[in-house]
> 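This structure is in structure tokens; I'll ask about it shortly.
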Amino acid sequence: MSFYVVQFLSGLASAASLFLVASGLSIIFGVTRIVNFAHGAFYMVGAYLAYTLTEQLAGTFGFWAGIVLAALAVAAIGVVVEMVLLRRIYRSPELFQLLATFGLTLMVEDLVVLIWGPDDLLGRRAPGMRGAIDIFGQNLPTYDVFLIVLGPLVLGLLWLLFRRTRWGILVRAATQDRDTVAALGVNQKWLFTSVFALGVFLAALGGALQIPRDAVNHTMDLRIIVDVFVVVVIGGLGSITGAFVAAVLVSELNAFGILVFPKISIVLIFLVMAVVLVVRPWGLFGKPEAPARQMPGLTVRPWRPLSVNERLAFLVLLIAAAALPLFAGNYVLTIGAEIAIFAIFAASLHFMMAVGGLASFGHAAYFGLGSYGVAMLAKFAGLPMVACLLLGPLMGLIGAVVFGWFCVRLSGVYFAMLTLAFAQIVWSIAFQWVEVTGGDNGMLGIWPDAWVATPATFYWLSLTVAALAVGGLRWLTFSPFGYALRAMRDSPLRSESVGIDGKRVQWAAFVVAGTVAALAGAMFVYLKGSVFPDNAGIALSVDALVMVLLGGVETVSGALVGAIVYKALAIWLVSYTELSKLVLGAIIVVMVVAFPKGLVGMWEVLQARYWPGATASGKARRAEVAE
Amino acid sequence: MLRRNVLLGAALGAMLAGLAGPALAQAEIKIGEINSYSALPSFTIPYRNGWQLALEEINAAGGVNGKKLVVISKDDSGKPAEAVTAANELVSSEKVVMLTGTFFSHIGLAVSDFAKQKKIFFLAAEPLSDAVTLEKGNRYTFRLRPSNYMQASMLAEEAAKLPAKRWATVAPNYEYGQSAVAVFKKVLSAKRPDIEWVGEQWPPQGKIDAGPVVQALAATNPEAILNVTFGPDLVKFVREGNTRGLFKNRAVVSFLTGEPEYLDPLKDETPEGWIVTGYPWYDIKTPEHDKFLKAYQAKFNDYPRLGSIVGYGTMKAAAAILAKANATDTEKLIEAAKGLKMPSPLGEIYFRASDQQSTLGAYVGKTAVKDGKGVMVDSVYRDGKDFLPSEEDVAKLRPKD
Amino acid sequence: MSASTAPLLAVEGLTKSFGGVHAVRNVSFALTAGEILALIGPNGAGKTTCFNMLNGQITPDAGHIRLEGREITGLAPREVWRRGVGRTFQITATFPTMTVRENVQVVLVSHEGQIFNPWCSTPTFALAEADRLLELVGMGGFAERPCGELAYGDLKRLELAVALANRPKLLLMDEPTAGMAPRERIELMRLTARIAREQKIGVLFTEHDMDVVFEHADRVIVLNRGMLIAEGTPAEVRHDPQVRAIYLGEGLVYDARHREDSAT
């Protein structure tokens with residue numbers, strides 16, 4: 001019995017650290033609607049700074065002062081980030097802030113290594129809390145007791161802050177309806193800044209408080225960020241109490257789950273999220289999200305099919321691309337094939353996100369299913385390449401049919417997080433089912449058949465598949481299905497009242513996008529010769545998001561440009577610099593500020609401004625003038 | 001828009017420049033090297049120091065067969081797909097004669113498979129998985145570092161001497177952890193049929209929730225514990241284990257923990273008396289190691305880690321293979337590498353012909369705290385050749401070429 | 001009652017409450033083809049709730065809605081629409097990222113059941129019919145314009161075109177003129193009335209502007225606190241003492257013109 005009590009208390013201590021970070025994220029999201037990917041980075045910098053400060057400052061007071069000072073310093077950094085970076089992009093399309101904070105995270109990962117060095121740092125133990133207390137013969141670390149008390153204490157303080165102060169009441173009002181607060185004459189800018197600062201402070205405090213338990217290192221950010229997102233979503237976005245309950249739920253399920261299933265940890269949190277979201281679409285304590293306001297950028301320049309000239313231009317570009325093997329070497333051709341494959345992948349996500357308004361955080365699931373589909377067919381059934389390429393993506397299709405059915409019932413960030421949950425479940429199956437998938441050692445030796453074995457022929461194959469896939473998706477975009485999908489994105493109310501079965505249309509789009517992503521995954525296997533769980537990993541999902549956002553989510557085919565630019569940059573940077581993350585992150589941040597609508601989106605804005613004749617709406621405008 | 005064009009231009013320019021490169025050098029031999037420099041700098045930077053030191057020594061001594069040895073090094077970001085891209089760049093565009101490097105097992109396997117496909121020689125430096133030389137071995141791939149199986153056998157030999165009968169295990173939940181536990185269990189149970197395996201914990205790599213894990217292990221009331229966690233997970237596990245008294249009156253056997261990469265971060269919280277494999281550079285008193293240690297410290301003003309030994313040995317092995325082959329074509333390199341004998345800072349080693357595994361060994365000793373730092377004491381070098389998988393196992397497990 | 005003799009729309013005992021608040025209580029009325037029926041009442045009388053039940057957005061707690069004698073109670077909005085009911089919203093709901101013409105074309109595609117036909121290009125689908133509808137509501141010159149750029153009055157007219165695209169038998173218009181300038185609202189309602197009479201479409205609309213109501217409605221029904229309290233011709237309703245009391249009570253007899261901002 002005493003064992004279970006201590007196990008429960010240990011779970012509570014884990015929950016407290018998770019809660020601190022998650023509450024900050026929840027507050028920030030609730031008010032600013034920013035999906036702050038950099039939250040983990042702030043957590044990590046909090047830990048590093050606390051390490052440095054507690055090493056410098058002596059004594060008990062010095063330790064605690066170091067912790068608090070570190071959190072305050074990081075909050076100050078957060079203020080700068082908010083004012084310099086985020087303020088410029090609040091009016092950008094949804095999720096664009098994700099791109100900016102992702103860039104920031106990349107930069108921070110390299111920066112901490114530059115500043116603090118690559119080694120894991122062992123911080124000081126909290127003075128007077130090195131030991132353990134005895135609970136019925138079981139040891140519970142004193143520091144755990146401290147955390148167990150701290151969690152509810154912070155919850156209580158936040159509660160008071162939000163219930164008893166004018167600022168807190170404004171924040172709550174803003175969480176419910178941002179426009180009203182703006183209408184009340186509140187200085188929204190400073191409200192946002194202060195909220196961001198508080199959120200970052202909590203993240204950094206969470207990080208700083210880890211130093212007596214953890215080793216400070218440069219991968220802490222990614223270890224925590226996904227977990228806290230999940231906790232926030234399980235609890236319900238914007239709900240602090242929800243974050244607390246979810247943190248306790250997840251930690252306790254883990255603490256007791258490992259007693260029965262020692263391997264459960266890896267997937268448990270995502271299972272919980274999937275179940276919660278299927279049963280309660282807005283999390284445990286969340287409320288249905290108010291429909292997202294139309295972004296100003298979305299209301300202008302309707303999409304047009306390409307004109308004859310534009311089609312010719314694309315054809316010329318395609319022919320030029322097909323001529324690459326005439327003057328480029330094998331390496332460039334392989335890179336070309338990889339970019340083409342990622343163009344397929346990005347285009348498939350773009351179809352969901354831009355046309356369907358369904359931002360998936362777990363698109364890699366279908367890429368991964370496609371690649372494992374191919375690998376299994378090739379390895380276990382010994383099918384030839386063409387058969388594998390045709391049948392392999394069916395696994396992605398099946399996955400999309402099943403997962404999509406649940407996902408399209410949700411919307412917004414909840415949709416995104418459920419897709420993430422499913423992707424993580426796919427990933428952990430690939431990772432754990434060693435007998436079939438080879439676990440993280442992957443499946444090897446799946447190379448193309450002789451007829452496409454040379455880099456040039458494989459490049460042509462990839463280019464052809466990419467041209468067909470991207471062209472096909474574009475075709476679908478302008479088919480009634482694409483319009484119905486956009487209709488659903490623009491106005492679910494109107495769509496439903498003109499006979500469009502929105503959920504069915506979105507489900508179909510999910511399946512189309514998943515299948516095309518699986519096709520990309522299938523091609524990728526033959527490019528690399530192997531499959532690893534990475535092919536369904538979070539990093540790949542994020543890459544796809546970045547490509548789409550970079551290209552421009554409001555455009556018809558921005559993903560194409562986003563994929564080419566991002567992939568080429570990433571490969572080149574990894575090959576030519578050791579600080580590839582720093583440089584890539586900086587480039588992303590600069591691009592976000594310079595091109596807040598993405599590369600193609602910005603191109604269209606410029607085009608409309610300087611060559612109004614080139615666009616349809618420009619033509620219309622001129623026609624009116626002529627009237 | 002302008003900025004994008006400049007960037008793209010720069011990217012393309014660099015790629016084209018990369019293409020034009022290989023024309024010049026005839027008096028050079030190029031080796032391609034890949035490792036997870038940005039993903040795992042704390043392990044791979046000492047490794048790089050090691051091979052850079054070796055490279056300097058090789059070229060100072062006149063290079064290989066009168067040609068200067070040139071290493072082109074690439075980062076793989078810790079992802080197998082990017083490692084394959086890098087390998088491809090090295091082979092297709094840089095025209096290297098062999099590939100070396102890699103740390104993670106799955107990346108080592110990806111590059112090994114690439115080497116097989118492109119028929120290029122690959123000297124795997126650090127990946128531990130037995131699959132590299134056994135189940136997924138191929139004739140193009142050789143490995144330097146003692147494999148999982150070898151380390152497990154060294155530890156099991158010591159573990160068998162312990163009186164403990166009830167064993168529990170904790171290992172990161174992925175192939176490395178799983179195979180480490182499996183091999184250790186197999187070898188130890190073979191030596192000691194009386195042993196009972198009473199509990200196991202599989203925290204996710206990098207995300208151990210140490211409190212509950214320690215608690216759960218303690219609940220199975222083992223007499224001894226096998227630990228395979230490392231890095232930040234190990235720190236958390238040790239801290240919770242110390243505070244909660246998990247290690248009190250219990251033997252602990254732990255993979256790799258004696259390597260400075262893993263031991264140093266533990267500082268004064270290093271648990272005492274764990275039986276570990278590792279590299280006690282401060283305690284090795286052989287002339288060949290002294291020479292290496294002095295040169296290393298002079299060049300980098302730092303002490304070597306295990307990675308430094310592996311990096312140094314990898315480059316020396318590459319040079320030795322090239323010198324013996326006196327050619328750069330893959331078949332000749334494979335011929336030369338099989339059975340190749342060479343010196344290393346830890347003593348003479350050779351590459352066994354059957355599984356293409358080197359006989360580099362490891363030190364087995366006990367952890368202790370000295371001057372606020374974790375150290376290995378009572379360390380003994382275990383020569384890898386005594387712990388290789390049996391020839392029958394190799395013949396059974398390794399695919400026929 | 002056979003379909004041929006049944007009224008176009010028959011509502012019987014419609015009831016809905018939200019958490020104990022009776023929004024609509026036992027409301028019954030009927031509407032014949034070609035008839036224009038106004039539903040009026042003070043703020044919070046239950047007009048929008050009533051509308052939302054008619055087109056299927058809300059399921060009633062009790063009561064029946066029959067279209068040409070066939071039960072449509074509890075059907076989803078898209079199914080109600082398929083049976084020939086068009087709808088405009090109090091706050092316009094259109095597709096801002098499409099052109100004006102495409103807004104209509106999407107509806108036409110849906111009406112033709114072609115949504116999952118991949119061989120069909122929406123921008124060239126049923127051009128003539130789309131343009132005819134736009135001409136009909138006086139939006140002919142705006143076909144290529146992005147819908148997101150339209151002035152509010154034009155959006156209302158576009159909504160009318162959209163609502164007419166499935167050749168409805170019944171048109172539900174929730175405050176069709178809210179937010180429009182006085183001249184525009186008269187034009188729009190004249191247009192609606194003309195189309196309704198020409199095509200024998202039954203129209204049910206709510207409205208705050210009594211001038212619009214009394215000029216165009218054939219009949220008026222009055223809701224107050226969820227209950228139907230009066231029914232008759234405009235003249236009858238205008239003189240109904242109960243109605244007068246309600247509106248007098250609100251201090252706003254017929255000059256409701258300036259109240260549209262505080263819509264229900």
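Proteins come first, then strands; the chains are lettered A, B, ... in the order of their sequence lines, and each starts at number 1.
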> Consider only side-chain N and O atoms of A:Glu578 and B:Ser38, and report whether a donor and an acceptor are under 3.5 Å apart.
no
> Is the side chain of A:Lys263 donor-acceptor paired with the backbone N or O of B:Asn173 at a distance under 3.5 Å, no angle test?
no
> Go through the atoms of A:Val574 and report whether side chain, backbone, both or neither lie under 4.5 Å from a heavy atom of chain B.
both
> A:Asn254 versus chain B, heavy atoms under 4.5 Å apart: side chain, backbone, both or neither?
side chain
> Less than 4.5 Å apart, any side-chain heavy atom of A:Asp534 and any of B:Pro80?
yes
> Which atoms form the tightest heavy-atom contact between B:Gln215 and A:Phe3, and what is the distance?
O-CE1, 3.3 Å
> Below 4.5 Å, heavy atoms only, C-beta onward: do B:Pro265 and A:Leu121 meet side chain to side chain?
no
> Mind checking what makes salt bridge (charged side-chain N to carboxylate O under 4.0 Å, His left out) contact with A:Asp227, not counting sequence neighbours?
B:Lys207
> How close do A:Asp144 and B:Glu240 get, counting heavy atoms only, and between which atoms?
OD1-OE2, 3.9 Å
> Under 4.5 Å between any side-chain heavy atoms of A:Gln138 and B:Arg244, yes or no?
no
> Do you see a donor-acceptor pair shorter than 3.5 Å between the side chains of A:Asp119 and B:Ser42?
no
> Between B:Asp113 and A:Ser530, is any side-chain donor less than 3.5 angstrom from a side-chain acceptor?
no
> Does A:Ile258 offer a backbone N or O that forms a donor-acceptor pair with the side chain of B:Gln201 under 3.5 Å?
yes
> Ignoring hydrogens, what is the shortest heavy-atom contact between A:Val434 and B:Gln178? Give both atom names and the distance.
CG2-OE1, 3.2 Å
> Regarding B:Glu89 and A:Tyr331, is there a side-chain donor-to-acceptor distance under 3.5 Å anywhere?
yes
> Identify, with sequence neighbours excluded, every residue that meets ring pair (Phe, Tyr, Trp, His ring centres under 6.0 Å) alongside B:Phe114.
none
> Where the side chain of B:Arg239 meets the backbone of A:Pro212, is there a donor-acceptor pair that is under 3.5 Å apart?
yes
> Which heavy atom in B:Pro232 sits nearest to a heavy atom in A:Arg223, and how many Å separate them?
CB-NH2, 3.8 Å
> Is a side-chain N or O of B:Lys74 found less than 3.5 angstrom from the main chain of A:Ser575, in a donor-acceptor match?
yes
> Please name the pair of heavy atoms, one in A:Gln7 and one in B:Pro212, separated by the smallest distance, quoted to 0.1 Å.
NE2-O, 3.3 Å
> Closest heavy-atom contact between A:Arg130 and B:Thr243?
O-CG2, 3.3 Å
> Verify the distance criterion only: is there a donor paired with an acceptor across the side chains of A:Lys581 and B:Ser77 at less than 3.5 Å?
no
> Give, as side chain, backbone, both or neither, the part of A:Phe524 having an atom under 4.5 angstrom from any heavy atom of chain B.
side chain
> Is there side-chain contact between B:Val235 and A:Leu122, with heavy atoms separated by less than 4.5 Å?
yes
